[in-house]
Structure formats: C-alpha cells, structure tokens
J.: 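I am attaching a structure below and will ask some questions about it afterwards.
Count residues from 1 along the sequence.
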Amino acid sequence: QTLEELGNTIAVASKKSNKNLKEIIEDIGSERINKVNRRKYMQHALAFKLGEFLLVLTAMILGTPSPLSILAILAIDIGVNTILELALKKDPTKINVMKKDLKVLETKTNKYRILINGLTIYLISLGIYLFSLVRYGWVLGEDISTKETVLMKTSASIFVLLSFIQIFNALNFKSVKTSIFSKKTFKNYYLILTAIITILITYLLTISPEIQSALALSPLSAIEWQIVTFSAFGIILVEETAKFIKRNFYKNEIGTPEK
C-alpha cells in the first residue's frame with residue numbers, strides 16, 4: 001500500500017510538472033507574441049512620425065505654413081494612430097517559441113522598413129501638398145499666409161491623406177512578407193473593425209463645420225476625395241513590392257515570425 005501511494009504521488013507530481021511546463025511554454029509564447037506586436041506598433045508609429053516631420057520641415061524650407069495645424073496633427077495621432085496601433089498590439093501572430101531566436105526578434109526592428117515607409121509617406125504627402133497649393137493658385141516664393149481658403153483646402157487634403165495612409169499601413173505592418181491581400185490580413189478582427197471606424201472618424205472630422213473650423217480644414221469635393229484616396233494607395237504599392245522581394249529573395253531570413 002505504501003508503494004502504491006508513493007506511485008500515485010509520483011504520478012500526480014508528474015502531471016503537475018507537465019502542466020507547469022506547458023504553462024511556462026505558453027507564457028513564453030505569449031510574451032514573444034507581445035514583443036513582436038510591439039515591434040509592429042513601433043514601426044507603424046515611427047514611420048509616420050518620420051514622414052510627418054519631413055513634410056513639416058519641407059514646408060518651412062519652402063516658406064509655406066505648416067500643412068496641418070497642431071490640433072489637426074493631434075486629431076490624427078489620437079483619433080487615428082493610437083486606435084490603429086492598439087489594434088496592432090492585439091494581432092494574433094503565430095510563433096514557434098522553441099525555434100525562433102528571441103534576441104533576433106527583439107533587436108530586428110527593421111530600420112530599413114521604417115525608413116522606406118517613412119520616406120514614402122513623405123513623398124506622397126509632399127506631392128499632394130504641392131499639387132493642392134499649385135491647384136489653388138500658389139506660386140513658388142509667394143506668401144500664402146493670408147490665403148486662408150487655399151491653406152484650409154490643402155490641410156484638408158493632407159489630413160485625409162495621412163489618415164488613410166495610416167489605415168493602410170496598419171494592415172501593411174501586420175506582416176513582413178505576407179501580402180495585404182491575403183486571407184491572413186483579415187484574421188485580426190480588431191484591426192479590421194478599427195480600420196473601418198477610423199475611416200468613419202476621418203470622414204466625420206472633415207464634414208462637421210465646427211470641427212473643420214477647429215482643425216483649420218475645409219470641405220473636400222468628390223474629385224478631391226478620389227485624388228487623395230488613390231494617392232494613399234501608393235503606400236500599399238511600395239509595401240507590396242518590398243514584400244514580394246522578401247518572399248522571393250529572402251526566404252530564409254532569420255527573425256521573421258510571419259510566414
């Protein structure tokens with residue numbers, strides 16, 4: 001009987017040990033997923049800030065007012081970016097915790113991706129900024145600080161453009177290699193729902209007279225909405241090109257958790 005009790009005790013202890021080991025592995029996996037998602041969050045935020053900074057800097061060099069007012073910048077950061085980035089942190093990334101190098105995952109922030117994405121945001125937004133100014137009569141060297149209508153129209157275009165770019169970018173940053181058009185993109189229901197909500201928020205912010213006045217924006221025509229929306233798709237084109245190169249020429253790249 002003593003031996004039987006000892007055997008039962010050992011069996012119970014073994015089950016607890018296996019359960020504890022499973023829990024430990026699950027905790028490690030959960031922490032690594034959080035680290036990967038934080039990396040996506042940081043890439044999304046830093047790329048946007050780089051593009052935004054370069055755009056404002058270029059406006060200063062050209063001697064034109066800032067493309068966006070302080071309140072408009074805060075509206076994008078809080079009303080669009082923060083919501084999207086929180087959804088990115090909930091992305092259901094799958095990682096084999098026993099095979100992936102955690103140190104690589106932590107340090108591989110992909111600075112080149114942030115740089116290329118940020119420069120793309122800058123170039124697209126700069127193109128729309130200059131296009132809008134010239135379209136409404138601005139000439140290089142001319143002081144437009146007194147042309148309130150021109151500035152508000154231009155700011156509205158930049159506001160919508162940057163909001164849409166960040167929505168597309170949130171989907172882009174889900175994966176290093178997987179196309180935005182794959183089924184995996186739609187597995188993060190929080191992100192898809194958030195993208196829809198932020199589109200509605202952007203639209204509402206640009207049609208309300210009170211908010212327009214506070215953010216120094218003006219209504220956009222149908223053709224202006226089309227121009228801005230199609231321009232925002234440029235960020236997807238650049239990211240898809242980069243992902244195609246990674247899929248076909250860097251198939252065994254270390255530190256890429258997504259397949």
Side-chain angles (χ1 to χ4, degrees), residues 36-70 72-77 80-82 84-85 88 107-135 138 140 154-181 185 191 195 198 202 224 227-250 253 255-256 258:
V36 171
N37 287 341
R38 281 197 294 270
R39 184 183 69 181
K40 297 175 186 178
Y41 171 98
M42 291 303 299
Q43 287 178 342
H44 185 266
L46 291 175
F48 177 75
K49 286 301 177 186
L50 174 61
E52 185 182 59
F53 169 76
L54 291 175
L55 179 62
V56 173
L57 179 63
T58 302
M60 292 174 60
I61 293 173
L62 293 174
T64 57
S66 174
L68 292 172
S69 65
I70 299 298
I73 292 174
L74 289 175
I76 293 178
D77 286 340
V80 178
N81 285 343
T82 301
L84 289 169
E85 287 158 6
L88 269 178
T107 58
K108 194 175 180 60
T109 309
N110 207 332
K111 296 178 181 178
Y112 289 113
R113 189 181 192 188
I114 294 173
L115 179 62
I116 293 173
N117 194 281
L119 289 175
T120 303
I121 293 173
Y122 163 64
L123 292 174
I124 294 173
S125 56
L126 178 63
I128 290 295
Y129 179 64
L130 295 177
F131 171 78
S132 298
L133 288 177
V134 172
R135 185 182 182 195
W138 175 73
L140 183 63
T154 302
S155 293
S157 295
I158 295 298
F159 182 85
V160 174
L161 174 72
L162 291 178
S163 297
F164 281 9
I165 282 178
Q166 284 305 83
I167 293 168
F168 296 152
N169 249 350
L171 300 175
N172 284 331
F173 278 115
K174 267 182 57 64
S175 173
V176 176
K177 294 183 178 181
T178 304
S179 171
I180 192 176
F181 303 108
T185 301
L191 184 56
T198 48
T202 301
E224 288 168 335
I227 291 172
V228 168
T229 302
F230 282 118
S231 297
F233 276 103
I235 198 72
I236 295 180
L237 178 62
V238 172
E239 279 289 321
E240 285 299 306
T241 301
K243 288 178 181 182
F244 175 81
I245 293 173
K246 282 181 176 290
R247 285 196 303 270
N248 291 277
F249 300 100
Y250 297 91
E253 182 180 359
T256 302
E258 302 87 359

J.: Phe53: which residues meet the side-chain contact (heavy atoms from CB on, under 4.5 Å) condition with it, sequence neighbours left out?
T.: Leu57
J.: Evaluate the side-chain proximity of Asn81 to His44: yes if any heavy-atom separation is below 4.5 Å, no if none is.
T.: yes
J.: Mind checking the CG-CG spacing from Leu162 to Asn169? Nearest 0.5 Å is all I need.
T.: 10.5 Å
J.: Looking at Ile61, I want to see if its CD1 is surrounded by more than 12 non-hydrogen atoms of other residues, nucleotides or ligands under 6.0 Å.
T.: yes
J.: Can you tell me how far apart CG (Leu115) and CG (Leu46) are? Round to the nearest 0.5 Å.
T.: 11.5 Å
J.: Go through the steps to decide whether Leu130 and Leu62 satisfy the test side chain to side chain contact (heavy atoms under 4.5 Å, CB included), and finish with yes or no.
T.: CA-CA 10 Å; Leu130 295 177; Leu62 293 174; 3.8 Å; yes
J.: Give, for atom CD1 of Ile235 and atom CD1 of Ile121, the distance between the pair rounded to the nearest 0.5 Å.
T.: 5.0 Å
J.: Give every residue pair that meets the salt bridge (charged side-chain N to carboxylate O under 4.0 Å, His left out) criterion with at least one member in residues 50-59, sequence neighbours excluded.
T.: Lys49-Glu52
J.: I'd like to check Asn117 versus Phe173 (side-chain heavy atoms, cut-off strictly below 4.5 Å). Are they in contact?
T.: yes
J.: Once rounded to the nearest 0.5 Å, what's the spacing between atom CD1 of Ile73 and atom OG of Ser66?
T.: 5.0 Å
J.: For side-chain hydrogen bond (donor to acceptor under 3.5 Å, both in side chains), just list the numbers for Thr58 and Tyr129, CA-CA rounded to whole Å, side-chain angles, deciding distance to a tenth of an Å, and then say yes or no.
T.: CA-CA 10 Å; Thr58 302; Tyr129 179 64; over 6 Å; no
J.: Between Ile116 and Val238, which heavy-atom pair has the shortest distance, and what is it?
T.: CG2-CG1, 4.1 Å
J.: Would you name the heavy atoms of Ser155 and Pro67 that are closest together and state the gap between them?
T.: OG-O, 2.7 Å
J.: I want to check something: taking the side chain as every heavy atom from C-beta on, are Leu68 and Ile76 in contact at a cut-off of under 4.5 Å?
T.: yes
J.: Check whether any side-chain heavy atom of Asp77 sits under 4.5 Å from a side-chain heavy atom of Phe48, and report yes or no.
T.: yes
J.: What residues form a side-chain contact (heavy atoms from CB on, under 4.5 Å) with Leu54, not counting sequence neighbours?
T.: Leu50, Leu119, Tyr122
J.: Measure the spacing between CZ of Phe164 and OG1 of Thr229 and express it to the nearest 0.5 Å.
T.: 4.5 Å
J.: In chain order, what residues pass the side-chain contact (heavy atoms from CB on, under 4.5 Å) check against Ser231, with sequence neighbours excluded?
T.: Ile124, Ile128, Leu161, Ile227
J.: Please enumerate all residues that pass side-chain contact (heavy atoms from CB on, under 4.5 Å) together with Ser179, with sequence neighbours excluded.
T.: Phe181, Glu240, Arg247
J.: Of all heavy-atom pairs between Phe159 and Ala75, which one has the smallest distance, and what is that distance?
T.: CE1-CB, 3.9 Å
J.: Please identify each residue that fulfils ring-ring contact (aromatic ring centres under 6.0 Å, His included) with Phe233, with sequence neighbours left out.
T.: Phe168
J.: Mind checking the OG1-CG spacing from Thr82 to Leu74? Nearest 0.5 Å is all I need.
T.: 10.0 Å
J.: Of all heavy-atom pairs between Ile158 and Ser125, which one has the smallest distance, and what is that distance?
T.: CD1-O, 3.3 Å
J.: May I ask you to test the Leu84-Gln166 pair for a side-chain heavy-atom distance under 4.5 Å?
T.: yes
